[in-house]
Every structure is written in structure tokens, then in C-alpha cells.
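The structure appears right after this line, and notes come after that.
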Amino acid sequence: LEVRRRDRMAKAPLKTVCKEVQDPPGRVCDRSAVRIEYLICAYGCVLPWICCLCANRRRVALLFGVQALDVWSSVNADSDYDLIVVMLGTLMYLTTLTFMRFACTAPIAISCGLAYCSTSMALNVRIIECDTDSSWIWAALLLISAAGFDLWGHRTIEMQRRLTFLSLHARPRTQHPV
């Protein structure tokens with residue numbers, strides 16, 4: 001019996017034996033899922049900046065120092081509200097339809113608000129249809145308030161999931177006979 005056991009151990013690579021002893025099989029999957037979640041968080045934090053600087057006709061024109069109507073014949077379909085709807089849609093999808101943690105979705109929401117507000121201030125974005133110079137402030141307030149409500153709802157859902165998990169795995173209390 002001892003000889004067979006030694007033969008099996010000799011055939012098995014040492015790394016897999018050590019890995020099984022050190023890390024249970026489930027923990028390896030947990031670590032890779034957390035890494036993917038961090039990558040999605042990093043990508044989600046960079047994406048609003050790219051959208052604000054490269055995906056909006058008005059902002060791209062201002063980057064090059066020209067008016068948007070001088071370059072493109074129509075800019076009506078490309079407003080700041082379209083940009084905000086895309087940001088909020090992405091944020092709502094990540095917070096409600098995925099199991100990403102609050103700690104990874106909050107930086108994405110903060111990055112959306114910072115990207116929109118800072119690029120609007122730096123580029124001095126003015127919506128031509130509005131006469132005021134600070135017309136982007138209303139869109140920023142819409143973005144920040146909707147992102148705040150979304151994060152609040154996400155935090156509530158996450159707390160409910162944790163409570164459900166804890167209640168399912170709680171030890172049953174022993175009932176004393178009356």
C-alpha cells in the first residue's frame with residue numbers, strides 16, 4: 001500500500017499537490033472573479049473621460065478650438081443629455097443587473113461626475129440652444145443626483161443580499177422544551 005501511494009505522489013506534479021493544500025479550489029475562482037471586477041472598475045473609471053473628450057461632437061470641436069456647427073452640419077442629436085444617458089445607463093446596468101460590489105461601482109459613478117463636470121468647466125461648454133454660459137450645470141446636477149440615487153439603491157440591494165446570505169447560513173437556535 002505504501003509503495004502505491006509513493007508511486008502516485010511521484011507521478012503527480014509537486015505544484016498541484018502544494019496548491020491543493022494551500023488554496024482550496026473555490027478560492028482560486030473567487031480571486032479571479034475579484035480581479036475581473038477590479039478590471040471592470042478600472043475600465044469603467046476611464047471610459048467616462050474618453051466619452052466626454054472623444055464621443056461628443058461639441059466637446060471634440062471645442063478641443064480643436066472651433067464651433068461644432070462650423071464642422072458638422074447638425075449637432076442637435078449630439079447633446080450633453082445623450083452623453084449623460086449613456087453614463088447613467090452603464091452605471092444602472094452595472095449596479096442592478098450584475099453582482100458587482102458597491103466598492104467597485106462607487107468609483108465609476110464618481111468618475112462619471114468628475115469627467116463631465118471637469119471637462120465642461122475646462123472646455124467652457126455652452127449649449128447653443130440655451131443663452132446662459134452655465135447651461136451644463138443643470139445636466140451635471142441631473143447626472144450627480146441620478147448617480148446618487150442609483151448608488152443608494154445599489155447599496156440597499158447589496159445589504160439585502162448580505163442579510164439573506166447570513167440568514168441562510170445562520171445556525172438554527174435550539175429550542176428548549178416548554
Side-chain angles (χ1 to χ4, degrees), residues 29-168:
C29 293
D30 290 345
R31 258 191 274 153
S32 63
V34 169
R35 284 185 189 140
I36 290 171
E37 188 179 41
Y38 289 153
L39 286 174
I40 291 172
C41 178
Y43 178 72
C45 287
V46 171
L47 193 61
W49 294 91
I50 294 171
C51 289
C52 283
L53 294 173
C54 300
N56 189 302
R57 291 180 185 180
R58 288 188 174 110
R59 292 167 189 270
V60 170
L62 288 173
L63 279 174
F64 290 103
V66 294
Q67 291 296 323
L69 290 175
D70 296 341
V71 180
W72 289 284
S73 61
S74 174
V75 194
N76 293 339
D78 192 36
S79 68
D80 283 350
Y81 291 105
D82 294 339
L83 182 66
I84 288 173
V85 166
V86 169
M87 286 182 189
L88 287 177
T90 305
L91 187 62
M92 296 254 183
Y93 174 79
L94 289 176
T95 57
T96 57
L97 297 176
T98 65
F99 288 100
M100 283 185 70
R101 293 175 294 147
F102 179 81
C104 289
T105 54
I108 297 172
I110 292 168
S111 178
C112 287
L114 286 176
Y116 181 78
C117 293
S118 63
T119 56
S120 295
M121 284 188 290
L123 296 174
N124 194 16
V125 173
R126 289 187 316 125
I127 299 173
I128 298 169
E129 292 82 15
C130 300
D131 293 333
T132 61
D133 286 341
S134 60
S135 60
W136 62 269
I137 291 177
W138 296 110
L141 287 174
L142 173 69
L143 174 67
I144 292 169
S145 62
F149 282 128
D150 185 42
L151 287 176
W152 178 45
H154 180 61
R155 182 68 181 154
T156 305
I157 290 171
E158 185 175 325
M159 286 174 44
Q160 183 65 34
R161 285 181 185 154
R162 288 182 181 191
L163 288 174
T164 303
F165 177 79
L166 289 175
S167 68
L168 289 175

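- Using a 4.5 Å cut-off on side-chain heavy atoms (C-beta onward), C112 and T90 make no contact.
- Taking all atoms of both residues into account, the shortest heavy-atom contact from L91 to A109 is CD2-CB, 3.7 Å.
- Checked against ring pair (Phe, Tyr, Trp, His ring centres under 6.0 Å), F165 has the following partners two or more places apart in sequence or in another chain: H169.
- Interatomic distance, CG of L142 versus CH2 of W138, reported as 11.0 Å (0.5 Å rounding).
- Note that CD1 of I84 and OH of Y116 are 4.5 Å apart. Values are rounded to the nearest 0.5 Å.
- Considering OG of S120 and CD1 of I137, their distance stands at 9.5 Å, rounded to 0.5 Å.
- Residues F102 and L151 approach most closely at CE1-O, 3.5 Å, considering heavy atoms.
- For the salt bridge (Lys or Arg N to Asp or Glu O under 4.0 Å) test, no residue two or more places apart in sequence or in another chain qualifies with R35.
- M87 contributes atom CE, which lies 3.5 Å from atom SG of C52 (distance to the nearest 0.5 angstrom).
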Take Q160 and T156, measure what side-chain contact (heavy atoms from CB on, under 4.5 Å) needs, and give me the verdict at the end.
-> CA-CA 6 Å; Q160 183 65 34; T156 305; 5.8 Å; no
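- Shown here for A55 and V60, the closest heavy-atom pair between the two residues is N-CG2, 4.5 Å.
- The NE2 atom of H154 sits 12.5 Å away from atom CE of M92, with the distance rounded to the nearest 0.5 Å.
- In this structure, the separation between CE on M100 and CD1 on I108 is 4.5 Å, given to the nearest 0.5 Å.
- Not one N or O on the side chain of E37 forms a donor-acceptor pair closer than 3.5 Å with the backbone of C104.
- Under the salt bridge (Lys or Arg N to Asp or Glu O under 4.0 Å) criterion, R161 pairs with no residue at all, not counting sequence neighbours.
- The closest donor-acceptor contact from the side chain of S111 to the backbone of P107 lies at 3.5 Å or more, if one exists at all.
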Determine, stepwise, if the pair L88 / D150 fulfils side-chain contact (heavy atoms from CB on, under 4.5 Å).
CA-CA 9 Å; L88 287 177; D150 185 42; 5.9 Å; no
